[in-house]
Amino acid sequence: MKKLLTIVIILLIAVLMTQTVPDKRAHKEAMMKAVKELVDEEAENRGFKDNGLTRIGKSIVNSAIETALNSKLKVDNYYLFNTTHIRMGEENKLLSVGLFGHVFTFDKKMLREAIEKGNRAEEEEES
């Protein structure tokens, strides 16, 4: 009887997971939130005052990153969960994992490195 109960609970969890997998929009929103936090933190660390010019600069950076995410963000669905990655040069970088209706993004250091590598790769492609 315990085995049957265990199997039923596992199946219920699996069904719940399949029904709550976040979509691409949720991944993009989570990534943009993390990027905005990173941009705000970088501006503060570099001593930029919060004024109109700084807000315009942040807006331009966020817009550029959002455009890149729209075109390069790829979602891989594994039915119980999904992942997003972005192509950077010759490799794919894992950016987030989605399950139970929530998107887990990676730390700011990894995002910073990913953005810097992406910028370098685009500059090399343009050359």
Side-chain angles (χ1 to χ4, degrees):
M1 188 65 161
K2 285 184 180 183
K3 286 184 180 182
L4 179 62
L5 182 61
T6 303
I7 291 171
V8 168
I9 290 172
I10 290 171
L11 288 174
L12 286 174
I13 291 171
V15 168
L16 177 66
M17 288 177 77
T18 62
Q19 299 303 307
T20 60
V21 173
D23 60 1
K24 184 176 183 176
R25 182 183 48 80
H27 279 274
K28 189 181 113 183
E29 287 173 0
M31 292 305 301
M32 284 306 301
K33 181 181 177 195
V35 166
K36 285 178 184 178
E37 289 173 4
L38 175 65
V39 168
D40 289 343
E41 185 180 291
E42 281 296 311
E44 188 176 309
N45 289 344
R46 294 173 189 239
F48 294 119
K49 303 277 186 230
D50 189 23
N51 57 34
L53 189 57
T54 303
R55 282 184 286 242
I56 290 171
K58 288 178 184 179
S59 176
I60 290 170
V61 169
N62 288 332
S63 178
I65 292 171
E66 186 171 11
T67 300
L69 286 177
N70 282 336
S71 64
K72 295 183 179 187
L73 191 69
K74 184 170 186 302
V75 178
D76 290 327
N77 189 3
Y78 299 103
Y79 300 106
L80 300 179
F81 67 97
N82 58 16
T83 61
T84 59
H85 63 271
I86 193 165
R87 185 132 182 104
M88 300 213 165
E90 295 296 318
E91 63 181 279
N92 287 324
K93 265 300 204 201
L94 182 65
L95 297 177
S96 62
V97 175
L99 67 149
F100 291 115
H102 185 74
V103 177
F104 299 93
T105 59
F106 294 98
D107 63 7
K108 291 178 186 173
K109 179 181 175 189
M110 195 282 305
L111 284 174
R112 184 178 292 115
E113 290 172 2
I115 290 167
E116 289 171 0
K117 283 183 183 178
N119 288 339
R120 278 188 246 125
E122 283 185 10
E123 288 172 0
E124 290 173 2
E125 288 176 3
E126 291 175 0
S127 300

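Please read all numbers here as calculations on a predicted model, not as lab measurements.
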Colleague: Taking the side chain as every heavy atom from C-beta outward, state whether Leu80 and Thr18 have any pair of such atoms under 4.5 Å apart.
Modeller: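 Touching, per the 4.5 Å side-chain cut-off.
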Colleague: So, taking the atom named CD1 in Ile7 and the one named NZ in Lys2, what distance separates them when rounded to the nearest 0.5 Å?
Modeller: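 Ile7 CD1 to Lys2 NZ: 14.5 Å, rounded to 0.5 Å.
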Colleague: Can you find a pair of side-chain heavy atoms, one from Phe100 and one from Leu16, that are under 4.5 Å apart?
Modeller: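 Touching, per the 4.5 Å side-chain cut-off.
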Colleague: Does one hydrophobic cluster hold both Val35 and Leu73, with members joined at side-chain heavy-atom distances below 4.5 Å?
Modeller: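 Linked within one cluster.
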Colleague: Between Ser63 and Ser59, is there a donor-acceptor pair closer than 3.5 Å when you use the side chain of the first and the backbone of the second?
Modeller: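 Answer holds: no.
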Colleague: Answer yes or no: is there a donor N or O on one side and an acceptor on the other, between the side chain of Asn82 and the main chain of Asp23, under 3.5 Å?
Modeller: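 Not at all, since once roles are kept as given, no pair shorter than 3.5 Å links the two residues.
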Colleague: Is the shortest side-chain heavy-atom distance between Tyr78 and Val21 below 4.5 Å?
Modeller: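 Heavy-atom side-chain distance check fails, nothing below 4.5 Å.
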Colleague: Does NZ in Lys24 sit with more than 12 non-hydrogen atoms of other residues, nucleotides or ligands closer than 6.0 Å?
Modeller: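 Yes, because the 6.0 Å sphere around NZ of Lys24 holds more than 12 heavy atoms from other groups.
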Colleague: So, taking the atom named CG in Leu99 and the one named OG1 in Thr20, what distance separates them when rounded to the nearest 0.5 Å?
Modeller: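 Going from CG on Leu99 over to OG1 on Thr20, the span is 7.0 Å.
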Colleague: Between His27 and Gly98, which heavy-atom pair has the shortest distance, and what is it?
Modeller: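 In this case the closest contact between His27 and Gly98 is CE1-N, 3.5 Å.
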Colleague: Using the rule that Ile, Leu, Val, Met, Phe, Trp and Tyr join whenever any side-chain heavy atoms are under 4.5 Å apart, tell me whether Ile13 and Leu5 fall into a single cluster.
Modeller: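 Same hydrophobic cluster.
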Colleague: Are Leu94 and Phe81 grouped together when hydrophobic residues (ILVMFWY) are joined by side-chain heavy atoms under 4.5 angstrom apart?
Modeller: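 Same cluster.
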Colleague: May I ask you to decide whether Glu29 forms a salt bridge with Arg25, counting only side-chain N to carboxylate O separations under 4.0 Å?
Modeller: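 Yes.
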Colleague: So, do Met31 and Ile86 sit near enough that their side-chain heavy atoms are less than 4.5 Å apart?
Modeller: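 Result no, sub-4.5 Å side-chain heavy-atom pair not found.
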Colleague: What's the shortest heavy-atom distance between Asp76 and His85, and which atoms?
Modeller: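 Looking at all heavy atoms of both residues, the closest pair is OD2-CE1, 2.8 Å.
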Colleague: Linking I/L/V/M/F/W/Y whenever any side-chain heavy atoms sit under 4.5 Å apart, do Phe104 and Met17 land together?
Modeller: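 In one cluster with Phe104: Met17, yes.
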